[in-house]
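Single-structure report; data block below.
Any value given below was found using the heavy atoms of this structure, including those in side chains, with hydrogens, waters and symmetry copies removed. We're numbering straight along the sequence, starting at 1.
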Amino acid sequence: MKKIKIAVVGCGGIFSDHWRAYNQQFEKGFDDFEIVAFCDIVIERAQEYADNWFEAKGSRPAVFASVDELLASGTEFSVAEVQVPHNVHHSVAVALMKAGKHIMTEKPLGMTMRAARLMMDCARENGVTLKVMENYRYDEYERAAAWAVKSGMIGTPRTLTMLDTGIRQWYWDWRDHKYIAGGAWTLDGGIHFADLWMNILGPVKSVMAVSGTYDTTRYKNFDRTEERQEFKYRNTRSLLKVNPETYGEPVESDLEDTTSAVLEFENGVIGTWLVSRSSTGFNERKIIIAGSEGALEWGEGIKDYTGETVVSWDKLCDMYFEALSEEEKEFLFPGGLSHSIALEQREFFDFYNGKRELEVTDEIGYLDLAVPYAVYESAATGKKVSIADVMSLKEETYQKSLNESMGI
């Protein structure tokens, strides 16, 4: 079988995770793809990964500083993996899709709903596949959590609670700027959680939310501490511990740092979602789905009506694997892959070769994007916002200036 030729567009921080995912595929014996080009506006980053590929595989990918250079070069490839700042997702992807390239793009699908819609329309006009990366749901523990709820281990789901709070004063580059990032952690991380919840509970119907901004000053050149921020569920870079005594140059952020939302799901489940990066002294990452017969707490496991843990988080994962057939295990975790991004890459390559369908399509990515934007739209208008209105572009109060900044 002819190898799938890939161009990587964007070699910044998140690509280090994608690079580890590629390496796990190599380790597990997958050899049906080849990276032929690395592209980044910081050419040295692209060159470093090209050197790494040469050391690992013996061939040297081409290196480019822009998508225009990549396309003009005549380099042969069929798939582009896109990891660029949110505000240029659509322009980069559209240029590649017009050239007939299939796309795997990091979340969010676009910086706004309108940008995402432009991408989806372009994919259909040019007969190419557009996939958004939502890797969280591919994790074995997330698979187990979804299985537990869907198999009735907590009865009928009733409520969703998520607390995602802590303090962050260090500067996170473009993610601290509204017209590059679109929104703060409610969007950047929240889109992953929206995907997890709706994969388990079905679509969100409406959102009522408020937002606040308490700490606008960020600091460059901080030193990380040896101590890790401890969470029972998913450590996050957005709450990594740093030494305040080493904070350098101050930078003003123009993004909110706190949102609080009530989510109404189509199946009647009510969700409460608090996100804050200005909660001094209150660091918490907690997700709970409560049902008629118990609750599932991420990182803890299944709890009975008294709140006692009756199935631990690890045991739940073991039970899930015991319930899978060997064929199902190979389908979900081919070759023993465990890295969630490797699993998502693998799925795309198998889809490309006609072996399976995509689990997360661009339509799912579009629905995922509508949830955090419903939060922002509700906070901006002071009213309950329907997901349908956000998806149809009927509600764009918050997004209006973002769209104008991108010229769409």
Between I6 and F77, is there a side-chain heavy-atom distance shorter than 4.5 Å? no

Can R124 and E363 be said to form a salt bridge (Lys or Arg N to Asp or Glu O under 4.0 Å), step by step? CA-CA 12 Å; R124 282 140 186 79; E363 288 92 349; 2.5 Å; yes

Mark yes when over 12 heavy atoms from residues, nucleotides or ligands other than K329 sit less than 6.0 Å from its NZ; otherwise mark no. yes

Of all heavy-atom pairs between G182 and L187, which one has the smallest distance, and what is that distance? C-CD2, 4.0 Å

Set out, in order, the CA-CA distance, both residues' side-chain angles and the distance that settles side-chain contact (heavy atoms from CB on, under 4.5 Å) for L263 and I270, then state yes or no. CA-CA 6 Å; L263 312 178; I270 296 174; over 6 Å; no

Using a 3.5 Å cut-off and no angle test, enumerate the donor-acceptor pairs between side-chain atoms of residues 150-158 and protein atoms at least two apart in sequence or in another chain.
| residue | atom | partner | partner atom | Å |
| --- | --- | --- | --- | --- |
| K150 | NZ | N199 | O | 2.9 |
| S151 | OG | W147 | O | 2.7 |
| S151 | OG | A148 | O | 3.1 |

Would you name the heavy atoms of D31 and K3 that are closest together and state the gap between them? O-CE, 3.1 Å

State the SG-CZ distance between C122 and R117, to the nearest 0.5 angstrom. 12.5 Å

Smallest heavy-atom separation, A184 atom then Y376 atom, equals N-OH, 3.1 Å

Would you please test L96 and V94 for side-chain contact (heavy atoms from CB on, under 4.5 Å) and show each step? CA-CA 5 Å; L96 290 162; V94 164; over 6 Å; no

So, D176 and R168, do they make that salt bridge, N to O below 4.0 Å? yes

Answer yes or no: is there a donor N or O on one side and an acceptor on the other, between the side chain of K131 and the main chain of V360, under 3.5 Å? yes

Across all chains, not counting sequence neighbours, the ring pair (Phe, Tyr, Trp, His ring centres under 6.0 Å) partners of Y214 are none

Check ring pair (Phe, Tyr, Trp, His ring centres under 6.0 Å) between H192 and all other residues, then give those that pass, not counting sequence neighbours. Y136

State, to 0.1 Å, how close S378 and M208 come at their nearest heavy-atom pair, and which atoms those are. OG-CA, 3.4 Å

Measure from the side-chain N and O atoms of S279 to the backbone N and O of S276, and report whether any donor-acceptor pair falls under 3.5 Å. no

Please report the closest heavy-atom contact between I288 and A295, naming both atoms and the distance. CG2-CB, 4.1 Å

Taking H177 for its side chain and S253 for its backbone only, find out whether a donor-acceptor pair lies under 3.5 Å. no

Does R143 make a cation-pi contact with Y320, if we ask for NZ or CZ under 6.0 Å from the ring centre and within 45° of the axis? no

Aromatic rings Y219 and Y247: how do their planes relate, parallel, tilted or perpendicular, breaks at 30° and 60°? parallel

Would the distance check show the side chain of E249 and the main-chain N or O of N221 forming a donor-acceptor pair, the cut-off being under 3.5 Å? no

Provide the closest heavy-atom pair for S401 versus Y179 in the form atom of the first, atom of the second, distance. OG-OH, 3.2 Å

Quick check: do Q25 and Q345 have side-chain heavy atoms less than 4.5 Å from each other? yes

In plain terms, say whether E330 and K28 are close enough for a salt bridge, that is, a side-chain N and a carboxylate O under 4.0 Å apart. no

Sub-3.5 Å donor-acceptor pair from the side chain of N243 to the main-chain atoms of E245, do we have one? yes

Counting C-beta onward and ignoring hydrogens, is there a side-chain heavy-atom pair between L324 and L332 closer than 4.5 Å? yes

Short N-O contact, R277 and D164, less than 4.0 angstrom: yes

Determine, step by step, whether R137 and D368 satisfy the salt bridge (Lys or Arg N to Asp or Glu O under 4.0 Å) criterion, reporting the C-alpha distance in whole Å, the side-chain angles of both residues, the deciding distance to 0.1 Å, and the verdict. CA-CA 12 Å; R137 68 158 71 187; D368 293 340; 5.2 Å; no

Check whether any side-chain heavy atom of S340 lies under 4.5 Å from a side-chain heavy atom of E344, and answer yes or no. no

Side-chain ion pair, D389 and K383, N-O less than 4.0 Å: no

Any residue meeting side-chain hydrogen bond (donor to acceptor under 3.5 Å, both in side chains) with S211, in chain and number order, not counting sequence neighbours: none

I'd like a table of donor-acceptor pairs (distance under 3.5 Å, sequence neighbours excluded) in which one partner is a side-chain atom from residues 307-318, with atom names and distances.
| residue | atom | partner | partner atom | Å |
| --- | --- | --- | --- | --- |
| S312 | OG | K315 | N | 3.0 |
| D314 | OD1 | Y141 | OH | 2.6 |

Ring geometry between Y49 and F15 (parallel below 30°, tilted from 30 to 60°, perpendicular above 60°): perpendicular

Under the 3.5 angstrom rule, does the side chain of D304 hit a backbone N or O of T306 as a donor-acceptor pair? yes

Hey, is the main chain of P203 close enough, under 3.5 Å, to the side chain of E266 for a donor-acceptor pair? no

Report the C-alpha separation of V371 and M198 in whole Å, then their side-chain angles, then the decisive distance to 0.1 Å, and conclude whether the side-chain contact (heavy atoms from CB on, under 4.5 Å) test is met. CA-CA 10 Å; V371 175; M198 291 192 290; 3.6 Å; yes

Just wondering, do L402 and K178 contact through their side chains at under 4.5 Å, heavy atoms? yes

Between Q24 (side chain) and H339 (backbone), is there a donor-acceptor pair under 3.5 Å? yes

Using the rule given for side-chain contact (heavy atoms from CB on, under 4.5 Å), can you reason through Q399 versus L393, listing the C-alpha separation, both sets of side-chain angles and the distance that settles it, and then say yes or no? CA-CA 10 Å; Q399 297 168 84; L393 309 184; 5.8 Å; no

Does the side chain of E256 pick up a donor-acceptor pair with the side chain of T213 at under 3.5 Å? no

Quick check on the 6.0 Å ring-centre criterion: do F222 and Y171 meet it? no

Separation between CG of L109 and NE2 of H89, rounded to the nearest 0.5 Å: 9.0 Å

Would you call V275 and T258 a side-chain contact if the rule is heavy atoms closer than 4.5 Å? no

Check for a donor-acceptor pair, side chain of R218 on one end and backbone N or O of D215 on the other, with a separation under 3.5 Å. yes

Less than 4.5 Å apart, side chain to side chain, heavy atoms only: is that true for V242 and Q169? no

Could you go through K5 and E76, starting from their C-alpha distance and side-chain angles, then the distance that decides it, and tell me whether this counts as salt bridge (Lys or Arg N to Asp or Glu O under 4.0 Å)? CA-CA 7 Å; K5 294 186 177 181; E76 181 185 347; 3.8 Å; yes

Y352 ring center near F349 ring center (under 6.0 Å): no

Is it the case that the side chain of N403 and the backbone of R114 share a donor-acceptor pair, with hydrogens and angles ignored and the cut-off at 3.5 Å? no

Between F26 and K57, is there a cation-pi geometry (under 6.0 Å to ring centre, at most 45° from the normal)? yes

For residues 60-70, which side-chain N or O atoms pair as donor and acceptor with protein atoms under 3.5 Å away, sequence neighbours left out?
| residue | atom | partner | partner atom | Å |
| --- | --- | --- | --- | --- |
| R60 | NH1 | D51 | OD1 | 2.7 |
| S66 | OG | E69 | N | 3.1 |
| E69 | OE1 | A65 | N | 3.2 |

Trace of the salt bridge (Lys or Arg N to Asp or Glu O under 4.0 Å) decision for D32 with K2: CA-CA 7 Å; D32 58 351; K2 190 175 181 180; over 6 Å; no

Between the side chains of S206 and E264, is a donor N or O closer than 3.5 angstrom to an acceptor N or O? yes

Does H18 reach the side chain of E106, with side-chain heavy atoms less than 4.5 Å apart? yes

Kindly assign one of parallel, tilted or perpendicular to the pair F351 and F348, based on the angle between their ring planes and the thresholds 30° and 60°. tilted

Does R45 qualify as a cation-pi partner of F38, given the criterion of NZ or CZ under 6.0 Å from the six-membered ring centre and within 45 degrees of its axis? no

